[in-house]
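Report on one structure; see the data block that follows.
Note that ligands are numbered from 1 as they come in the structure, with each ligand's atoms numbered from 1 the same way. Worth knowing before you read on, the calculation uses all heavy atoms, side chains too, and leaves out hydrogens, waters and symmetry mates.
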Amino acid sequence: MEYWFRKSSLAILLVLFLMALSFNTACAASNVTYDGRSLVIDGEHRILFSGSIHYPRSTPEMWPSLIAKAKEGGIDVIETYVFWDLHEPQQGKFDFSGRNDIVRFIKEVQAQGLYVTLRIGPFIESEWSYGGLPFWLRSIPHIVFRTDNEPFKREMERWTTKIVNMMKSEGLYASQGGPIILSQIENEYTLVEGAFHDKGKSYVRWAAKMAVGLQTGVPWVMCRQDDAPDPVINSCNGLRCGETFKGPNSPSKPALWTEDWTSQFQAYGQNPYIRSAEDIAYHAALFIAKNKGSYVNYYMYHGGTNFGRSASNYITTSYYDEAPLDEYGLLRQPKYGHLKELHAAVKLCSKPLLSGEQTTHSLGGQQKAYVYQANSGECAAFLVNNGSRNARVFFRNHPYILPRKSISILPDCRNVAFNTAMVSEQYSTRSMVPSEVFDSTARWEQYTEAIPRYENTTQTAKQLLEQTGTTKDKSDYLWYTLRFQHDTSDSQAKLNVYSRGHVLHAFVNGIFVGSAHGGRNAPSFSLDATVNLRKGVNDISLLSGMVGLPAGGAHMESKFYGLRRLRIQDKDFSRNSWGYKVGLFGDTSQIYSDVGSSKVQWKKHSNSANQRLTWYKTQFDAPEGSDPVALNLGSMGKGEAWINGESIGRYWVSLLTPQGNPSQQWYHVPRSFLKPSGNTLVLLEEEDGNPLGISLDRVTISNVCGQVSETQLPRVSSWVEQNQGGSNHRNYRRQTAPSVQLTCPPGRNISNILFASYGTPVGNCESYARGTCHSVYSRAIAELVCLGKNRCSILPSNLVFGDPCPNTRKSLVVDAQCQ
Ligand SMILES: *[C@@H]1O[C@H](CO)[C@@H](O)[C@H](O)[C@H]1NC(C)=O
Ligand SMILES: *[C@@H]1O[C@H](CO)[C@@H](O)[C@H](O)[C@H]1NC(C)=O
Ligand SMILES: *[C@@H]1O[C@H](CO)[C@@H](O)[C@H](O)[C@H]1NC(C)=O
Ligand SMILES: *[C@@H]1O[C@H](CO)[C@@H](O)[C@H](O)[C@H]1NC(C)=O
């Protein structure tokens with residue numbers, strides 16, 4: 001009776017709390033300030049968890065569900081950059097529609113009762129083309145980016161003011177009743193400041209003053225800027241800010257972590273960087289406990305997709321797929337759930353954390369307690385084990401086991417609500433299920449680019465031109481053509497091209513002779529080939545391709561890309577007359593669009609070998625249901641893909657990781673790009689990929705797996721109930737048996753138990769097998785409890801499974817299939 005009563009009154013309190021929260025953020029103006037402890041919203045200190053979700057990396061149709069999942073995951077704030085290059089593609093011409101509708105995005109966050117951190121930049125890095133600066137900035141006379149340079153400062157101030165005024169006119173700052181509680185000016189400027197000497201320092205002062213002068217009514221931050229001028233807050237970015245951050249540059253500023261990397265960006269040729277849920281939770285908790293951190297933003301919480309040509313140099317089209325919400329917006333478990341539990345545990349400590357004094361106590365060589373004790377008596381403790389072995393420690397005369405590299409959170413200085421290394425959340429496995437294959441020749445049409453020669457070009461120069469300055473970034477491609485007289489008879493010669501572009505395809509007299517490319521860590525490369533020359537006139541046609549502009553670095557505006565030198569045998573042709581042509585024919589004629597499609601004659605698909613620079617076209621219907629959709633381009637080489645005229649990004653499957661796998665094989669096709677039937681897919685293939693191997697796949701969570709041992713902590717959600725009433729519940733872990741909880745995605749049920757073992761199964765959800773002790777009823781019970789259900793919960797107990805091995809500590813692992 002009492003238990004139920006308490007639970008329902010909690011629920012009522014929760015509803016009241018949520019109502020109060022939404023009232024606060026949706027209607028009344030808020031006063032956002034800060035002090036040495038935290039941001040202060042309407043007089044209240046706050047511990048805030050934030051998640052980066054960048055509006056142009058998903059679609060407006062995805063925004064509501066991404067934000068709702070973030071909120072459900074215990075996120076208070078959504079952080080986004082502002083992408084200047086998207087909004088002002090030509091100087092003075094603006095675009096705030098579709099994926100660029102930043103106001104709609106912020107209003108969606110507001111509607112769901114969360115706050116916003118707006119990182120205006122305008123330089124943002126973000127592995128985004130030109131770090132978000134529009135390419136046309138380059139053509140402003142005498143401009144030098146990101147330093148004390150009048151033309152740059154003028155443009156930066158104009159843009160920043162425009163965005164601030166736009167937010168003000170929509171009433172989006174907290175000071176106006178909107179959700180924006182924090183803004184950022186510049187980004188990681190420390191990394192380039194040295195290159196500009198005194199002008200770097202004066203630029204930082206100018207930027208801070210300019211931003212503050214815009215009177216947003218909310219604080220500004222500069223991340224990684226130790227000398228951020230008052231009142232701008234310097235914040236930390238990185239993997240381990242609890243260990244690396246030197247702290248705010250004034251005792252009156254709070255410790256903020258603007259980028260806690262949940263993974264790291266991925267370049268073609270590299271593996272994804274996988275950061276475990278345990279490691280992310282450990283460092284977030286350490287920052288809060290040790291550095292008195294009060295704001296942690298996960299970068300990224302949802303990474304999404306670099307559509308079109310927006311990715312910076314060599315960066316994959318998929319962005320931070322390893323984030324708590326994967327590229328498709330699906331929960332990446334256990335990361336998502338483990339961080340949710342962390343947030344709940346930290347929130348239980350809010351009062352002592354925010355009003356108490358911090359004291360530290362050594363618990364051993366590598367073990368330490370950070371204790372926060374409020375005057376009112378509330379106490380919270382964080383027991384840190386920085387060692388590589390489990391440790392048994394005493395804290396306030398009670399014993400605790402601290403797993404290696406972990407932090408236990410004790411919201412009452414007594415009972416453990418959460419440990420960063422003990423994952424109770426289920427593991428999920430994502431699968432790509434082919435829904436349509438394109439393996440018949442009859443389905444495809446194709447158009448192969450003609451190789452232009454010197455006479456076909458539109459511009460000539462007696463030198464090798466810089467590529468991006470010549471293309472004005474209107475295309476990834478630039479043709480360099482050369483015509484010369486070969487006086488001796490037909491013969492073979494050695495061709496050597498040295499390039500500072502990204503990829504190169506070489507043709508001699510219209511015949512393909514070789515390709516070469518650089519890489520993220522190889523800014524230049526050479527192409528060497530033995531070629532046939534004929535007596536008389538010879539034509540060399542070199543296609544130089546870029547895989548994204550740089551995203552940062554000093555003097556980005558004057559970097560050299562493209563060909564540097566060409567030699568045939570020992571003769572250098574670099575100063576001959578070169579002919580230039582920007583883009584491919586299909587690219588400049590937009591043959592991937594409805595209108596442009598008729599500008600070329602599409603032919604039936606033919607399997608001729610070594611076919612370069614070929615466009616492929618086919619039609620398909622949208623897969624049924626609502627699962628996310630992706631193209632499996634595993635059979636292709638390198639290029640770009642369009643759906644109904646919209647680019648879903650560059651692909652590069654042929655540049656393999658050191659282990660021999662493509663860095664990215666699946667390419668997201670947002671549902672909102674699709675019509676129910678008659679969709680057009682167009683691909684530009686630079687190499688000799690085979691379109692017959694392409695499939696359109698549904699992206700689903702196919703398996704869920706749970707693991708729990710008898711000694712494991714219960715979930716944080718049950719902590720409050722267990723620990724109310726003041727009695728000594730230090731041993732509550734024995735009172736609340738944790739259970740294996742499995743949940744399939746909405747609308748799908750458990751269809752099969754792949755593995756179940758109560759006893760001493762070996763390994764965990766990542767690799768499991770029966771151990772020496774195993775209950776023979778394991779599978780039958782799991783099937784009985786879970787089959788046909790969307791979610792189920794099984795207690796690892798002798799009462800359920802019988803006792804297969806008395807006096808042994810047992811655990812339960814269940815792996816189930818969702819259908
Ligand atoms: C905002 O809060 C600060 C302290 O938190 C206070 O000094 C200031 O007067 C408040 N401003 C308004 C307009 O309420
Ligand atoms: C924890 O240990 C690592 C080495 O494993 C060390 O680099 C780091 O500084 C230690 N952190 C603290 C807070 O002592
Ligand atoms: C290049 O010019 C020649 C001669 O005018 C023409 O025959 C050929 O089709 C052109 N090629 C391309 C790719 O435009
Ligand atoms: C899935 O499980 C739910 C209960 O968890 C049930 O109501 C529903 O009928 C099941 N659906 C199917 C297709 O079995």
Mutual orientation of the aromatic rings belonging to Trp479 and Phe507 [parallel < 30°, tilted 30-60°, perpendicular > 60°]: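 Because their plane-to-plane angle lies in the 30° to 60° range, the rings of Trp479 and Phe507 count as tilted.
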Geometric class of the Tyr758/Phe801 ring pair [parallel <30°, tilted 30-60°, perpendicular >60°]: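 Judged by the thresholds at 30° and 60°, the geometry between Phe801 and Tyr758 is parallel.
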Would you please name every residue forming a side-chain contact (heavy atoms from CB on, under 4.5 Å) with [X], sequence neighbours left out?
| X | result |
| --- | --- |
| Asn234 | Asp226, Ala228, Phe245, Pro248, Asn249, Lys253 |
| Asn749 | Asn790 |
| Ala782 | Ile753, Ala756, Ile794, Val814 |

Within 45° cone and under 6.0 Å: Lys617 NZ/CZ vs Trp602 ring: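 Verdict for Trp602: a cation-pi partner in Lys617.
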With a cut-off of 4.0 Å, which atoms of ligand 4 are near a heavy atom of [X]?
| X | answer |
| --- | --- |
| Asn749 | 1 (C), 2 (O), 3 (C), 8 (C), 10 (C), 11 (N), 12 (C), 14 (O) |
| Gly788 | 1 (C), 2 (O), 10 (C) |
| Asn790 | 2 (O), 5 (O) |

Under 4.0 Å from any heavy atom of [X], which atoms of ligand 3 are there?
| X | value |
| --- | --- |
| Asn456 | 1 (C), 2 (O), 3 (C), 8 (C), 10 (C), 11 (N), 12 (C), 14 (O) |
| Ala450 | 13 (C) |
| Glu455 | 2 (O), 3 (C), 4 (C) |

N or O pair under 3.5 Å between Lys789 and ligand 4: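 No, no N or O pair falls under 3.5 Å.
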What short N/O contacts, under 3.5 Å, does ligand 1 make with the protein, listed by atom pair and distance?
from: ligand 1; atom 1: 2 (O); to: Asn31; atom 2: ND2; distance (Å): 2.3
from: ligand 1; atom 1: 5 (O); to: Thr33; atom 2: OG1; distance (Å): 3.2
from: ligand 1; atom 1: 11 (N); to: Asn31; atom 2: ND2; distance (Å): 2.7
from: ligand 1; atom 1: 14 (O); to: Asn31; atom 2: ND2; distance (Å): 3.2

NZ/NE/NH1/NH2 to OD/OE distance under 4.0 Å, Arg483 and Asp539: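 Salt bridge present between Arg483 and Asp539.
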Residues Asp76, Lys347: salt bridge by 4.0 Å N-O rule: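 Lys347 and Asp76: salt-bridged.
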Check: Ser38 and Ile47 side chains under 4.5 Å, non-hydrogen atoms: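 With C-beta onward as the side chain, the pair stays apart.
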